[in-house]
Amino acid sequence: MSSAFLKFYSFVGDLGLAKINLNTDTLMILLTNTSPNSGDTIVNTTTSTCTVGSVSNALEIVARNGYSKGGSQLVSNSYSQTGGVGSLISNAVTFTASGGTIGPFEWAVLYSATSGTSATRSLIGYFDYGSAITLNSLETFTIGNSNNGGNWTLTYPILTLT
C-alpha cells in the first residue's frame, strides 16, 4: 500500500533555521487515526499519547501490542545532495502487532525527536494511507519505499528537496 509524502509547512522554516538536521537528528514515525493538518507545527511527546499540534491536535494511537509511545525510530537515516537535489533515505520502519491489535491508524507522521523540547518536537511530514488500517496479532505494516517492504533509497527517498 503506497502513499504520497506530504510535508508540514513548518518543516521548511525549521530546516532553514537549522532546527532540524536530517542527517544527524533522531527521526521518528508515529501512527495516528486523526488527520494531521499541513499547518501543524509540533509534536508534544509529554502527553499520554503524543499530540501533533497547533491545528489538528491529532492524537497518536494508544501504545500497546507492539506499538510504543512516540512510534518507531528511523535507523540509518542520511541526507545527501547531488546536482542540487537533496534526498533523505533510511531503513524502512516496520510495525508488528503482538498479543492483540495495533490501530486503527491512517496516517504516519515523521518528526524529529531531537529538535526543540519534549513538548515542541519539529514536524517534517506525513503519509496518508487513505483508509483506516488495523493490524491483528502477528501482522506487520512497513513504511518505506512505497511500502513494498524495502528500504528508502536514493532512487526512492523519503523526501527530496529541490
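Atom set for the values below is all heavy atoms of this structure, side chains included, hydrogens, waters and symmetry mates excluded.
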Problem - 4.5 Å side-chain heavy-atom contact, Leu161 and Val85 - result: no

Fill in the blank from the handout: Taken in chain and number order and not counting sequence neighbours, the residues that satisfy side-chain contact (heavy atoms from CB on, under 4.5 Å) with Ser54 are Thr41

Problem - Qualifying residues under side-chain contact (heavy atoms from CB on, under 4.5 Å), relative to Asp40, sequence neighbours excluded - result: Phe8, Pro36, Asn37, Val52, Val55, Ser56, Leu123

Exercise for the section: With sequence neighbours excluded, give me every side-chain hydrogen bond (donor to acceptor under 3.5 Å, both in side chains) pair touching residues 80-108. Expected result: Asn91-Asn151, Thr94-Thr142, Trp107-Asp128

Handout entry: Pairs meeting criterion ring pair (Phe, Tyr, Trp, His ring centres under 6.0 Å) with involvement of residues 20-71, two or more places apart
Key = Tyr67-Phe95

Exercise for the section: Please answer whether the main-chain N or O of Tyr156 pairs with a side-chain N or O of Thr153 as donor and acceptor at a distance below 3.5 Å. Expected result: yes

Practice task
Keeping the roles fixed (side chain from Thr51, backbone from Asn57), state whether a donor-acceptor pair exists under 3.5 Å.
Solution key: no

Exercise for the section: Output all residues satisfying side-chain contact (heavy atoms from CB on, under 4.5 Å) with Ser48, sequence neighbours left out; order by chain, then residue number. Expected result: none

Problem - Considering all heavy atoms, the nearest Ala58-Thr32 contact - result: CB-OG1, 3.9 Å

Exercise for the section: Quick one: list whatever passes ring pair (Phe, Tyr, Trp, His ring centres under 6.0 Å) with Phe11, sequence neighbours left out. Expected result: none

Handout entry: Contacts of Asp14 that satisfy salt bridge (charged side-chain N to carboxylate O under 4.0 Å, His left out) - sequence neighbours left out
Key = Lys19

Exercise for the section: Go through the side-chain N and O atoms of Asn21 and Thr24 and say whether any donor and acceptor fall under 3.5 Å apart. Expected result: yes

Completion exercise
Scanning both residues in full, the closest heavy-atom pair of Ser38 with Tyr126 reads OG-OH, 3.6 Å

Exercise for the section: Report yes if some heavy atom in the side chain of Leu74 is under 4.5 Å from a heavy atom in the side chain of Ile29; otherwise report no. Expected result: yes

Practice task
Identify, with sequence neighbours excluded, every residue that meets side-chain hydrogen bond (donor to acceptor under 3.5 Å, both in side chains) alongside Thr140.
Solution key: none

Practice task
State whether the side chain of Asn77 and the backbone N or O of Leu22 hold a donor-acceptor pair below 3.5 Å, judged by distance alone.
Solution key: yes

Exercise for the section: Find out if a path of hydrophobic residues (ILVMFWY) with successive side-chain heavy-atom gaps under 4.5 Å connects Ile20 to Ile42. Expected result: no

Completion exercise
So salt bridge (Lys or Arg N to Asp or Glu O under 4.0 Å) across residues 60-76, not counting sequence neighbours, yields none

Practice task
Could I get the full list of side-chain contact (heavy atoms from CB on, under 4.5 Å) partners for Thr45, not counting sequence neighbours?
Solution key: Val43, Cys50, Tyr111, Ser118, Arg121

Handout entry: ring pair (Phe, Tyr, Trp, His ring centres under 6.0 Å) partners for Tyr79, two or more places apart
Key = none

Problem - Matching residue for Leu110 among Ile124, Leu30, Leu6, Ile143 - test: side-chain contact (heavy atoms from CB on, under 4.5 Å) - result: Ile124

Problem - Exercise: identify the closest heavy-atom pair between Asn33 and Pro104 - result: CB-O, 3.3 Å

Practice task
Check whether any side-chain heavy atom of Asn23 lies under 4.5 Å from a side-chain heavy atom of Leu88, and answer yes or no.
Solution key: no

Exercise for the section: Quick one: list whatever passes ring pair (Phe, Tyr, Trp, His ring centres under 6.0 Å) with Phe5, sequence neighbours left out. Expected result: Phe127

